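Just so it is clear, the values below take in all heavy atoms, side chains as well, and ignore hydrogens, waters and symmetry mates. Everything numeric in this text was worked out from a predicted model, so none of it was measured. Atoms within a ligand are numbered from 1 in the order they appear, just like the ligands themselves.
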Amino acid sequence: MILAMTGKGGVGKTTLAALTLSWLATHGESPVLAVDADSNANLNEAMGIAYCATVGGIRESARKEATALKGVSKQEFLDLRVQEALVEQKGYDLIVMGRPEGQGCYCFANNVLREVLDRLASNYRNIVIDSEAGLEHISRRTLLSVDYLLIVSDCTVRGIRTAGRISALADEVALPTKQRGLIVNRVPGGCLPEAIAEAVKATGLTLLASIPLDQDVAALDADGVPVSTIAPGSPARIAMNDLLAKLFTNQQEKN
Ligand SMILES: Nc1ncnc2c1ncn2[C@@H]1O[C@H](COP(=O)(O)OP(=O)(O)OP(=O)(O)O)[C@@H](O)[C@H]1O
Ligand SMILES: [Mg+2]
């Protein structure tokens with residue numbers, strides 16, 4: 001299953017993507033590919049790992065070295081570089097997309113890269129995409145075709161309305177997603193206030209989960225400790241685990 005976290009800035013996409021990755025890696029759902037599609041990449045920090053190369057960097061060098069490449073096809077060159085950029089961990093691998101292209105023509109490099117990434121993706125049972133904040137990646141349709149678009153919002157009426165707009169935009173551009181739903185994050189006490197519940201209803205989105213405002217998440221973040229190491233009993237981890245168990249059971253019943 002390909003899951004993508006989307007939503008406005010700072011709502012918790014990366015945090016929830018990291019909790020998702022740890023759940024998948026420890027619940028028999030491997031192999032898992034984590035795709036950091038935020039140009040300000042930080043999913044690796046949430047998982048406590050480092051990376052050396054990005055797909056954006058590979059694209060840039062492929063464009064520059066295109067004429068210098070002899071004897072080896074561009075496809076093979078990119079395949080090899082993407083393999084090298086993959087950070088292999090226990091239960092999952094991470095690929096960082098990096099910055100989007102600069103000026104100049106990237107069409108050829110992009111087309112070849114898309115094939116390389118599609119081939120890479122086909123090696124994995126599950127893929128988790130942490131996307132960039134806002135609407136641009138949706139309007140540009142840069143996401144892979146996803147099975148589940150998870151629209152994350154904070155616990156404010158304005159945030160929920162933005163989530164509704166993201167969903168409407170996904171419809172407008174006919175984003176290839178099979179299912180989508182809303183996750184309200186940082187909910188005080190874990191129970192949605194009335195005004196928020198009303199705003200959720202108005203979006204027409206399915207509410208998948210309310211993730212509590214969790215002091216453990218805040219404390220780890222304050223100390224620069226990866227959120228993936230959060231205690232099993234922490235409220236955000238428990239709520240996210242419940243959601244994932246539900247999503248993956250439903251998926252198995254469908255197959
Ligand atoms: N359930 C939670 N309880 C407490 N704090 C949280 C929770 N979820 C996320 N946070 C905090 O909210 C902040 C933003 O989280 P995060 O970086 O995951 O958001 P994001 O949507 O990925 O942001 P960006 O749009 O910048 O990529 C972080 O400080 C994180 O620790
Ligand atoms: Mg993020």
Side-chain angles (χ1 to χ4, degrees), residues 3-23 34-51 54 56 94-100 127-140 142-143 146 148-156 158-167 169-170 180-193 196 200 207-244:
L3 298 169
M5 296 288 172
T6 185
K8 75 180 176 86
V11 290
K13 298 177 293 296
T14 303
T15 303
L16 301 186
L19 295 179
T20 302
L21 277 174
S22 350
W23 188 86
V35 179
D36 191 340
D38 186 349
S39 55
N40 174 27
N42 58 12
L43 180 58
N44 66 301
E45 285 172 23
M47 298 305 293
I49 58 178
Y51 66 89
T54 69
L94 170 76
I95 188 90
V96 178
M97 299 306 286
R99 299 204 314 174
I127 300 179
V128 179
I129 305 168
D130 179 20
S131 32
E132 190 141 82
L135 304 170
E136 207 184 327
H137 67 97
I138 288 191
S139 59
R140 282 190 285 129
T142 45
L143 286 173
V146 301
Y148 227 122
L149 187 68
L150 300 171
I151 307 176
V152 185
S153 172
D154 53 14
C155 193
T156 65
R158 219 147 57 96
I160 304 288
R161 287 181 185 152
T162 305
R165 279 195 291 276
I166 289 176
S167 181
L169 184 64
R180 77 182 73 147
L182 177 67
I183 300 178
V184 186
N185 187 26
R186 290 201 303 251
V187 179
C191 188
L192 285 191
I196 303 294
V200 170
L207 177 65
L208 295 173
S210 304
I211 309 293
L213 178 69
D214 186 336
Q215 295 317 319
D216 296 349
V217 176
L220 292 175
D221 199 25
D223 292 341
V225 179
V227 73
S228 61
T229 64
I230 200 166
S234 74
R237 163 94 81 189
I238 291 174
M240 205 54 204
N241 286 0
D242 284 350
L243 168 64
L244 292 163

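- With S210 contributing its side chain and V184 its backbone, the two residues share no donor-acceptor pair below 3.5 Å.
- Using modelled atom types, no side-chain atom of S167 and backbone atom of A163 make a donor-acceptor pair closer than 3.5 Å.
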*Please assess N185 against V11 for the test side chain to side chain contact (heavy atoms under 4.5 Å, CB included), listing each intermediate value before the final yes or no.*
CA-CA 7 Å; N185 187 26; V11 290; 5.8 Å; no
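- Protein residues with a heavy atom under 4.0 Å from ligand 1 are G9, G10, V11, G12, K13, T14, T15, D38, A133, N185, R186, P212, L213, D214, V217, D221.
- Residue L43 comes nearest to V35 through the heavy atom pair CD2-O, 4.4 Å, listed as atom of the first residue, atom of the second, then distance.
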*Does the side chain to side chain contact (heavy atoms under 4.5 Å, CB included) test come out yes or no for L207 and L192, once each step is laid out?*
CA-CA 11 Å; L207 177 65; L192 285 191; 3.6 Å; yes
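- Of all protein N/O/S atoms, those under 2.8 Å from the Mg ion (ligand 2) are T14 OG1, and waters are not counted.
- S131 places a side-chain N or O within donor-acceptor distance of the main-chain N or O of M5, the cut-off being under 3.5 Å.
- A donor-acceptor pair under 3.5 Å links the side-chain atoms of K13 to the main chain of K8, judged by distance alone.
- A donor-acceptor contact shorter than 3.5 Å is absent between the side chain of R237 and the backbone of T229.
- Remark: the backbone N or O of Y51 is not paired with any side-chain donor or acceptor of N44 at under 3.5 angstrom.
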